[in-house]
Amino acid sequence: MATQKKIPVPVFTEVNRDVFLREIYPRRKPAVLRGVCLGPCVDKWTVDYLAQKGGTKEVKIHVSSVPQMNFLQKNFVYRTLPFDEFVKRTSEEKHADFFLCEHESYYLRSLGEDVRKEPADLWKQFPELAEDFHIPHFFEPGQFFSSVFRISSCRLQLWTHYDHQTFQVMDNLLAQVTGRKRVVLYSPQDALHLYLTGDKSEVLEIDSPDVNSYPEFVKAVRYECVLEPGDLLFIPALWFHNTLALQFGVGVNMFWRQLPADSYDKKDPYGNKDPVAASRALQTLERALRCLDELAPEYRDFYGRRMIQRIRERTFCNCQSS
């Protein structure tokens, strides 16, 4: 039986801003950065410390009766808990208090104070905890878009996407502050092999995929790493990723704008909208497809294939995903 080609994500040590910008960033591939100083958070952020400093601030969380959460079937519910109670429950294997069942799994992706207008910002939502976290200065302050707090139960697995709740149209660094996490990534050039619905892959079991239903999936090249506490993972824009928490863990995502400022929708607090030019192109494509609908089937097929050829010629990169 055919299997996916697997490539370990390279690990870099002693990375500073110059090394990142000269040797890592231009490659436009994932990289683990080990040994970058993230501040005292790596040692301080125990369950008790997080609960004390985070306090009773209400947070909106995902709750699922199974550890494999997926957005296509939406096998989870949204609930609200005080942050200290959420951290306590998330660190437990079995819950005395629960919403769905005593072995339910929890996941937090922090949001802005006004979710309609403000992106997530650790320094605004959790200022006392933010004091312990040192953001790596690998990009200009003016490029900064958001910092997202992520906390998950042990064994929690998130569906393959190019970012949870937000399209990852921006570069980001995932800081794994505590706990260990496996991350599997796929190049945007393998998008046609991932059976996408929106930004999410229909292939839920990436470790044992249904090859009869998803025969093209084996053609996608699988990049994989295990993040240790204190590691940083550079995830270039548009790369798909699937995460599996090997332990209760806390992380911080830092997103920044790598394109010119006018490339992005100014009324987009989540950073989840396509770049302005891409949005226009997709709208134009929909109009073109409606025009093809006016043709007889054999003509629609012929001119559709010509359009695909034209798109390949104009847009596909020559570089390979491997």
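Because only heavy atoms are used, hydrogens play no part in the values below, and waters and symmetry mates are left out as well, while side chains stay in.
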Stepwise side-chain contact (heavy atoms from CB on, under 4.5 Å) test for F98 and V63: CA-CA 9 Å; F98 52 84; V63 184; over 6 Å; no
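- Side-chain contact between L129 and Y49 is present, with at least one heavy-atom pair separated by less than 4.5 Å.
- Considering all non-hydrogen atoms of both residues, P82 and E58 come closest at CG-OE2, 3.7 Å.
- Classification of K57 and E113 as a salt-bridged pair holds, one side-chain N sitting under 4.0 Å from a carboxylate O.
- Side-chain contact check for L158 versus R109: every heavy-atom pair is 4.5 Å or farther apart.
- Considering only residues two or more places apart in sequence or on other chains, D210 meets the side-chain contact (heavy atoms from CB on, under 4.5 Å) condition with N212, S213, Y214.
- In this structure, CD on E104 lies 8.5 Å from OG on S65, to the nearest 0.5 angstrom.
- When every heavy atom of M69 is checked against every heavy atom of N75, the shortest pair comes out as CA-OD1, 3.5 Å.
- At least one side-chain heavy atom of D171 sits under 4.5 Å from a side-chain heavy atom of F234.
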Kindly indicate, with the supporting measurements, whether the criterion side-chain contact (heavy atoms from CB on, under 4.5 Å) is fulfilled by I135 and S147. CA-CA 9 Å; I135 186 169; S147 50; 5.9 Å; no
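- Of the possible donor and acceptor atoms, none in the side chain of H137 sits under 3.5 Å from a partner among the backbone N and O of R17.
- With hydrogens and angles disregarded, a donor-acceptor distance shorter than 3.5 Å links the side chain of T178 to the backbone of V250.
- Ion pair D84/K88 not flagged as a salt bridge, since none of the NZ, NE, NH1 or NH2 atoms sits closer than 4.0 Å to an Asp/Glu carboxylate oxygen.
- Residues W256 and L173 meet the side-chain proximity criterion, which asks for heavy atoms closer than 4.5 Å.
- Atom CD of E313 sits in a crowded spot, with more than 12 heavy atoms from other residues, nucleotides or ligands closer than 6.0 Å.
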N/O donor-acceptor pairs under 3.5 Å from side chains in residues 280-288, not counting sequence neighbours:
{"residue": "Q283", "atom": "NE2", "partner": "S279", "partner atom": "OG", "Å": "3.4"}
{"residue": "T284", "atom": "OG1", "partner": "R280", "partner atom": "O", "Å": "2.9"}
{"residue": "T284", "atom": "OG1", "partner": "R287", "partner atom": "NH2", "Å": "3.2"}

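- More than 12 heavy atoms of other shown residues, nucleotides or ligands fall within 6.0 angstrom of atom CD in E228.
- Expressed to the nearest 0.5 Å, how far CG of L289 lies from CE of M307 amounts to 5.0 Å.
- S201 places a side-chain N or O within donor-acceptor distance of the main-chain N or O of L194, the cut-off being under 3.5 Å.
- By the 4.5 Å heavy-atom criterion applied to side chains, E92 and S153 are not counted as neighbours.
- A salt bridge does not link K5 with D190: every distance from a Lys NZ or Arg NE/NH1/NH2 to an Asp or Glu carboxylate oxygen is 4.0 Å or more.
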Pair N70, Q157 - check side-chain contact (heavy atoms from CB on, under 4.5 Å), show working. CA-CA 8 Å; N70 77 78; Q157 185 170 16; over 6 Å; no
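- Listed by chain and residue number, nothing satisfies the side-chain hydrogen bond (donor to acceptor under 3.5 Å, both in side chains) test with T56 (two or more places apart in sequence, or in another chain).
- With a 4.5 Å cut-off on side-chain heavy atoms, L196 and F240 count as touching.
- With hydrophobic clusters built from ILVMFWY side chains whose heavy atoms lie under 4.5 angstrom apart, W239 shares a cluster with I7.
- The only member of F76, F99, Y106 that meets ring-ring contact (aromatic ring centres under 6.0 Å, His included) when paired with H62 is F76.
- To the nearest 0.5 Å, the span separating CZ on F255 from CE on M170 amounts to 8.5 Å.
- Using a 4.5 Å cut-off between side-chain heavy atoms of Ile, Leu, Val, Met, Phe, Trp and Tyr, with links allowed through other members, V221 and V32 fall into the same hydrophobic cluster.
- Relative to the ring axis of Y78, K60 places its NZ or CZ within 45° and under 6.0 Å from the centre.
- No donor-acceptor distance shorter than 3.5 angstrom exists from the side chain of R150 to the backbone of G251, with no hydrogens or angles considered.
- A continuous path of Ile, Leu, Val, Met, Phe, Trp and Tyr side chains, each step under 4.5 Å between heavy atoms, connects V19 with M254, placing both in one hydrophobic cluster.
- The shortest side-chain heavy-atom distance between I24 and L33 falls under the 4.5 Å cut-off.
- Rounding to the nearest 0.5 angstrom, the gap separating the CZ atom in R222 from the OH atom in Y186 is 5.0 Å.
- A distance of 10.5 Å separates CD of Q73 from CD of E202, quoted to the nearest 0.5 Å.
- Across A130 and L122, no two heavy atoms sit closer than the pair CB-O, 3.8 Å.
- Aromatic ring centres of Y25 and F138 lie farther apart than the 6.0 Å criterion allows.
- In this structure, I235 and P30 have side chains that are not in contact, with every pair of non-hydrogen atoms separated by 4.5 Å or more.
- For the pair R89 and F86, the cation does not sit on the ring face, since its NZ or CZ is not both under 6.0 Å from the ring centre and inside 45° of the axis.
- Side chain of S146 to backbone of V148: no donor-acceptor contact under 3.5 angstrom is found.
- Among the candidates E93, H103, Q68, the single residue satisfying the side-chain hydrogen bond (donor to acceptor under 3.5 Å, both in side chains) test with R155 is E93.
- Under the 3.5 Å distance criterion, the side-chain polar atoms of Q309 are left unmatched by any main-chain donor or acceptor of R305.
- I206 and V203 get closest at one heavy-atom pair: CG2-O, 3.7 Å.
- Put simply, F248 and V252 are part of the same group of oily side chains (I, L, V, M, F, W, Y) that touch within less than 4.5 Å, one to the next.
- Electrostatic pairing of R180 and D231 does not count as a salt bridge here, judged by no charged N lying under 4.0 Å from a carboxylate O.
- A 6.0 Å sphere centred on CZ of R306 holds no more than 12 heavy atoms belonging to other residues, nucleotides or ligands.
- Here the closest heavy-atom approach between residue P188 and residue L238 is recorded as CB-O, 3.6 Å.
- The backbone N or O of F217 sits less than 3.5 Å from a side-chain atom of Q4, completing a donor-acceptor pair.
- The line from CZ of F126 to NZ of K53 is 14.0 Å long, rounded to the nearest 0.5 Å.
- Comment: E140 does not engage R257 in a salt bridge, judged by the lack of any side-chain N to carboxylate O separation of less than 4.0 angstrom.
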Check the pair F149 / W45 against ring-ring contact (aromatic ring centres under 6.0 Å, His included), numbers first and verdict last. CA-CA 13 Å; F149 214 10; W45 283 6; 5.6 Å; yes
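- Scanning all heavy atoms of the two residues, the minimum distance from S152 to T90 falls at C-CG2, 3.4 Å.
- Remark: aromatic rings of F139 and F145 are distant, center separation not under 6.0 Å.
- Hydrophobic clustering places L108 together with V87 (ILVMFWY residues linked when any side-chain heavy atoms are closer than 4.5 Å, directly or through intermediates).
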